[in-house]
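Written below as structure tokens is the structure these notes are about.
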Amino acid sequence: MPATMSAPLHPHRRRPEPGHHRGRGAPALSTLLCGLVLVTLACSREASRTVVVYTSVDQVYSEPILREFAERTGIRVRPVFDVEAAKTVGLVQRIIAERRRPRADVFWNSEFSQTLLLAARGLLEACRPATAGDVPGTMRSSRDLWTGVGCRVRVLLVNTRRVPEEAMPRSVEDLLTAEPSRVGLANPLFGTTATHAAALFALWGPPEAERFFRALADRGVHVADGNAGVRDLVVAGRLDWGLTDSDDACRAVEAGAPVRIVLPDQGGAGTLLIPGTVAVVAGAPHPREARKLVEYLVDAGTEQRLIESGCVQLSVRPGGPRAPCLGTAPIRVMELGLDAIHDRIGDSRRALVEIFSR
Amino acid sequence: MTGRAGRLVWFLLVTVPLGALVLAALRLAVPRPEVMALALPTGRRWTLLVTTVVLAGGVAVVATALGFLGALTLATGRAGRHRLLRWLPVLLAPLPPYVHALAWNDALGWLAGVITGGGAPPPASGPGMVLWVETMAVLPITTALGLVGILNLPRPSVEAARLHRADPVVLGRVVLPLAAPFLAASAGLAFLLVATAHDVPSLHAVTTFPLEIFAEFSAGHDAARATILALPALVVSVLVLALVIPALRRARVGTTGGLAGIAWRWPAWFRGLQGVVAAVLAAQFLVPVVSLAARPGSWKGVVSGLTLAGPELGFSLIVAASAAVLAIPLASALARGLRSPLWWVLAFVPLAVPAPLVGIALLAVFNPVLPMVLLDSPLLPVLAALLRFTPFATFVLLAGLRRRQRDRIDAVRVFQPGPLAGWVGVRLHLEAPTVLAASGFVFALSLGELGATLLVLPPGRSTLAIRISNYLHYGAAQDVRGLCLVLLVVTTVTGLGVAALVSRGAAGRPAA
């Protein structure tokens, strides 16, 4: 599917290589420059109704949803997708860099901390979508700067060929007692693992949380490049178990890998819920279309499709649908406000840089 | 484009965006001088810097040695008669290092499983693994530079020496000193490529200085602070360039196809060494290719990859081809005008700037002022590719310019209607092989660019590298393999075309 959701990509043009025969270089260069100009013009055809969305939601999930929106409304969607290598901060950085002349209309984020950061910097605009009436107050901004869209949870993914039933881990603190080279987590300086670390700082207090992470580092627990990396290592049996996100874990379960998902700390503080968020960028060039897209994304039907596709596993709505891979038992989640977690990110990152970046 | 105009364009392309970064850093540091403490690599940051320098230095030395010995094997002797075969190991240059790393992890995991009789080993981690994987990832580039060097050495000097001394002595006392500038360039580029990236070390649980910069950048979203923090890395890069550049300026080159096709008489131990190097080169090529192509569903993945990523492929080709063509006049102007140390620094300093900062700098300068029609065009991705990869083309062209046949050029200067006509009609003809090699480099590297492109991509457009990265995270192994194979096929077709032209040009070059 083209990256632009409704208009076809500009036509391909033949582009001569710089030849080494006399007189061919200049036409080649001219043709290239003309081609660039034509491509430029082709690219510039602005549909009458357009919305630009920056999204860190995996392209494989967000693309069909955006395509469907374009088909339903006739609004041309021009997405920019983040990549895992940028640890979900590439597009946030871009929104900050473009603040004097915003290009993005909507920011659709797979988590919440970067959205709260943009809100704190005044880079989001208030928007109360009509379809978010049943979204609880804990899952949306008190100033209507963002709204929650589907949730992931932090889980332990266990390789069932390597870990017998009686030795199943039950808590993130089991990382301190397992064989360190056989358990892992993603780098806690980035992504949802950084958010999880901030939540533990908020929950346990900085000294206790710092002790926990220092012990992990000192024991040599494997620090993978990302949550998908943890999943792949567990699936391959190179780790016995690891801490990861529910979307990565559920994908492994659905692919038939010999793994099991354990929701950590169900007898204690509960696991961390990570709602996706959607927001209108301040000074959005297409505000009306932006609001339409936000309404569409926070709609319960869209959330249901996101759950069915495996993008998220839980609804932000009380009693809403959940993914089968998480089972049917009630899920205990940390009783922490998103703001409280976000407020701890600076502290936790400062401490974790000293522990893990060495 | 005249040399002066080309250098002016480059001057603006470098100083305006990167100058904006420096200005932002100064605006931050002047009222709060304590921020400059970030630029002092003390304690933990010093350890990270040393780790980075040691790792990058190790990779540079090993990859350059392997690349040169590999190039010597590929360009001379029996293998040297197959001109296209020479360039085969170079084809993986645009494959992201991360894909190399995953392929090697798979292969070593499998091997360890076989050796231990089943059971998956724990994840491979540590500096040794980083050294090996990074060496494999940059080997296509060091091999290519080794080939450029060997094809540019003055053959008469070597042939004359071979009349009096055995080949190993000639290699040590004549070929290596003559090739030293090219080896220095190869090692310098490998060092800079490894020292500015954090993805492969992160994958193997090794923290390096670029990760520290990235962590600071992602925590504070402040390009100015990240620039100040990056200063020690920048100083190291400039020092490396200061070591490499004088060597390159002293390069002596010939005009007769270099050492291609020389039938060396090596002793058994050296033939053994060549065999080992050939095996490493083969592994460097085969491990990623087999990992991509030999698994079930890979070729189905090519079809689905083409269907899914057709527009991305088109956009990537537009950006890479534009950068490959536009880099040549810039690099040519730079290579001819590097007379002062300032120009040397200006020509190569972008190599030391982390990719996301290049993107941020371009965005900071151009987003507020350019008309939307240009912001929505491939212009900024092309500029990002030019800024990051023109120095590579300049390195390659430096060698080519030194073998220019002055008598012909001077003769044409008398009659040429203008500098452009002279350049196109004669110089381009004489320099076609080197120009095409330089252009091919920029094309391949631009195809795989991610860090800067992500920040300047027009909304609604994407590139193949971004699609691959997204699918890699999702775990769509079949589609990732398919897309990587598409990337390889594109590079192979382009590379074979370039190699054919380079070889034809080399064959047709008159004797001195």
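All heavy atoms count here, side chains included; hydrogens, waters and symmetry mates do not. Order of the sequence lines sets the chain letters (A, B, ...), proteins ahead of strands, with each chain counted from 1.
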On a heavy-atom basis, which atom in A/V80 and which in B/P459 lie closest, and how many Å separate them?
CG2-CA, 3.5 Å
CA sep, side-chain torsions, deciding dist, call: B/L454, A/R94, side chain to side chain contact (heavy atoms under 4.5 Å, CB included):
CA-CA 9 Å; B/L454 178 70; A/R94 186 167 169 166; over 6 Å; no
Whether the side chain of B/R467 engages the backbone of A/Q59 through a donor-acceptor N/O pair (distance < 3.5 Å, no angle test) should be reported.
no
Using non-hydrogen atoms only, which part of B/V456 is less than 4.5 Å away from chain A: side chain, backbone, both, or neither?
backbone
Checking heavy atoms, do the side chain of B/P356, its backbone, both or neither come under 4.5 Å from chain A?
neither
Counting N and O atoms only, with roles assigned by atom type, does the side chain of A/R78 sit under 3.5 Å from a partner on the main chain of B/P458, one being a donor and the other an acceptor?
no
Closest non-hydrogen atom pair between B/L211 and A/N187, with its separation
CD2-ND2, 3.9 Å
Please identify each residue that fulfils side-chain hydrogen bond (donor to acceptor under 3.5 Å, both in side chains) with A/R350, with sequence neighbours left out.
A/D347
Does anything in residues 233-242 of chain A reach chain B? List residues with heavy atoms under 4.5 Å apart, or say none.
A/L233, A/A236, A/G237, A/R238, A/L239
For B/N367 and A/R103 the tightest heavy-atom approach is OD1-CD, 3.4 Å
Test side-chain hydrogen bond (donor to acceptor under 3.5 Å, both in side chains) applied to B/N105 - qualifying residues, sequence neighbours left out:
B/H204
Of all of B/I466, B/L375, B/I360, which one pairs up most often with chain A through heavy atoms under 4.5 Å apart?
B/L375
Atom pair CG (B/L457) and CG (A/L91), whose distance is rounded to the nearest 0.5 Å
9.5 Å
Distance-minimising heavy-atom pair for A/F356 and B/T207
O-OG1, 3.3 Å
Turns out that what part of A/L117 lies under 4.5 Å from chain B's heavy atoms comes down to side chain
Pick from A/R161, A/R121, A/R182, A/R100: which one has the most heavy-atom pairs with chain B under 4.5 Å?
A/R182
Atom of B/D222, atom of A/Q93 and distance for their closest heavy-atom approach:
N-OE1, 4.2 Å
Where on B/V365 is there a heavy atom nearer than 4.5 Å to chain A: the side chain, the backbone, both, or neither?
neither
B/S316: which residues meet the side-chain hydrogen bond (donor to acceptor under 3.5 Å, both in side chains) condition with it, sequence neighbours left out?
none
